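This report refers to the structure that appears directly beneath it.
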2 protein chains.
Amino acid sequence: MSQPDTKQRILNAAEELFAVHSFHATSLRAITQQAGVNLASVNYHFGSKDALLDAVIKRRLEPLNARRSELLDEVERMAEASSQPPEIRAVWRAFVEPTLLLRKTDAGAEYFITLVGRALAEPHGAEMSIFLKQMGSLMFRFFEMSCSALPSIPRQLLFWRMHFAIGSFSHLMRSNEQSPLLPEGVSNTVDMESLIEMLLDYTVAGLEAPQ
Amino acid sequence: MSQPDTKQRILNAAEELFAVHSFHATSLRAITQQAGVNLASVNYHFGSKDALLDAVIKRRLEPLNARRSELLDEVERMAEASSQPPEIRAVWRAFVEPTLLLRKTDAGAEYFITLVGRALAEPHGAEMSIFLKQMGSLMFRFFEMSCSALPSIPRQLLFWRMHFAIGSFSHLMRSNEQSPLLPEGVSNTVDMESLIEMLLDYTVAGLEAPQ
DNA sequence: ACCTGATTAAAACAAACGTTTGAATAATTT
DNA sequence: AAATTATTCAAACGTTTGTTTTAATCAGGT
């Protein structure tokens, strides 16, 4: 390969532009220009624009889901060892923490998180269908473990509460340092660790709320 | 006017298509075809595609915000009458209930709610900038009243918790009867009134969560 | 019936889109 | 060193985009 990382440069540029401007509003010309590669190289290396989106999501979602699955295994093991239902905070943390901590690994990861958050917000978008395909059954396992963790909450009610929780989570995934509405006396910069705890406090309280 | 409702027919078609396929993915040809009007009539009546989006949002958001403002007035009046801080559930209800009940008025309103929910999810999208312009200072008033309602929660923490709450709310606004992920033994159809109470239970518990 | 302004209609505009082509260049293999 | 494969490049493909133009059609006032 003359330019040894053409594919990676395309993936990086696409990741950023898809996250900032959405899939539809991003042209292949904008991607290849930012990547410093030829226009035709996207179709050469990936086949199509849709296949490029698939590759962008797969590159980071596959290891992320592997990590989440590991953590859920661990939560399950601890629950069985103590003959107790799994801890709802631990279940939710297994899903939330690897995702939000990924943002700090590099700049591209932050774009990826925004992109996935965007996918979760558009049920019929191109991002969503590709995202769901790659999520496989992990979402269902997540739901079932939450049901086990909160046996006193009816299944139907918990479904909606998890819907609300995913709304909060995905909203946080989409939000970057530039909030469109910042009230007086409020700063937007917080370290991610404490933000995760804030989200867990909020979410667990909501999931366990009295009926 | 030969066809007395060309503008309304365009607004209805645009409302639906913008909500389902997003602003960028919807062409003027698709809109005018669905509306049964000539392609050029959009630019004749509205000036541009952007101005059309503005009109679509304005048509329903203006009366909705007037109603929300009324309800916040009422909550404020009751708080002053009893010399107590405003009820957090009432504050939040003033924001949530008129919006979600609007869905049932007609099919177009449901599309509008989806469209606004989408706007809230894309901080840099065309929908968001137009939406914010029309929201004016209502969001800030909403935040300040929530601070008054929960004086024990630090302002900074409440900012993030309201961020989570708006995430839940907007996620519910976007979700229609077709959920992409429906676990076993769970139905997706619930009457809106009880869904509002579910959301309020969840949100108030999260906002008031122990720190 | 005639005129005036508002609206609709079909057609064309330039620009941007994703994709494909075929030749040129680089890398690897024989 | 020659042959072969992989990659890059500039150019063009046919569509589709938002917008504009010009003529036709409609309404209501005099």
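Chain naming here is simple, since letters A, B, ... match the order of the sequence lines and numbering starts at 1 in each. Since the structure is predicted, the reported quantities are computational estimates derived from the model, not experimental observations.
- We find that Glu15(A) and Arg60(A) are joined by a salt bridge, their nearest charged nitrogen and carboxylate oxygen being less than 4.0 Å apart.
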Below 3.5 Å between N/O atoms, which protein atoms pair up with nucleotides 19-22 of chain C? Just atom names and distances, please.
| unit_1 | atom_1 | unit_2 | atom_2 | d |
| --- | --- | --- | --- | --- |
| dT19(C) | OP2 | Lys49(A) | N | 3.0 |

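- Legend: residues meeting salt bridge (Lys or Arg N to Asp or Glu O under 4.0 Å) with Arg161(B), ordered by chain and number and at least two apart, are absent.
- Using a cut-off of 4.0 Å between Lys/Arg side-chain N and Asp/Glu carboxylate O, Arg141(A) and Glu144(A) are scored as not salt-bridged.
- In plain terms, the two heavy atoms of Ser146(B) and Val91(B) that are nearest each other are OG-CG1, 3.9 Å.
- Taking atom CZ of Phe23(A) as the reference point, atom C1' of dC17(C) lies 12 Å away to the nearest angstrom.
- Contacts of Thr26(B) with the nucleic acid, taken as non-hydrogen atoms under 4.0 Å apart, involve only primed sugar atoms and P, OP1 or OP2.
- Here the P atom of nucleotide dG18(C) and the CZ atom of Phe46(A) are 15 Å apart, to the nearest Å.
- The phosphate of dC17(C) (OP1 or OP2) has a side-chain N or O of Ser27(A) nearer than 4.0 angstrom.
- To the nearest angstrom, P of dA16(C) lies 12 Å from CD of Gln33(A).
- Inspection of the Ser41(A) and Thr6(A) side chains reveals no N or O donor paired with an N or O acceptor under 3.5 Å.
- Here the P atom of nucleotide dG18(D) and the NE2 atom of His24(A) are 12 Å apart, to the nearest Å.
- Rounded to whole Å, the distance from CZ on Arg9(B) to C1' on dT7(C) is 14 Å.
- No hydrogens or angles considered: nothing links the side chains of Asn12(B) and Gln34(B) as a donor-acceptor pair under 3.5 Å.
- Straight-line distance from the CD1 atom of Ile31(B) to the P atom of dT17(D): 11 Å, rounded to whole Å.
- Look at CG on Asn38(B): it is 5 Å from C1' on dA9(C), rounded to the nearest Å.
- Residues passing the salt bridge (Lys or Arg N to Asp or Glu O under 4.0 Å) test with Arg89(B), sequence neighbours excluded: Glu197(B), Asp201(B).
- An OP1 or OP2 oxygen of dA9(C) is reached within less than 4.0 angstrom by no side-chain nitrogen or oxygen of Ser41(B).
- One can place CD1 of Ile10(A) at 12 Å from P of dT7(D), the figure rounded to the nearest angstrom.
- A sub-4.0 Å separation between OP1 or OP2 of dA6(D) and a side-chain N or O of His45(A) is absent.
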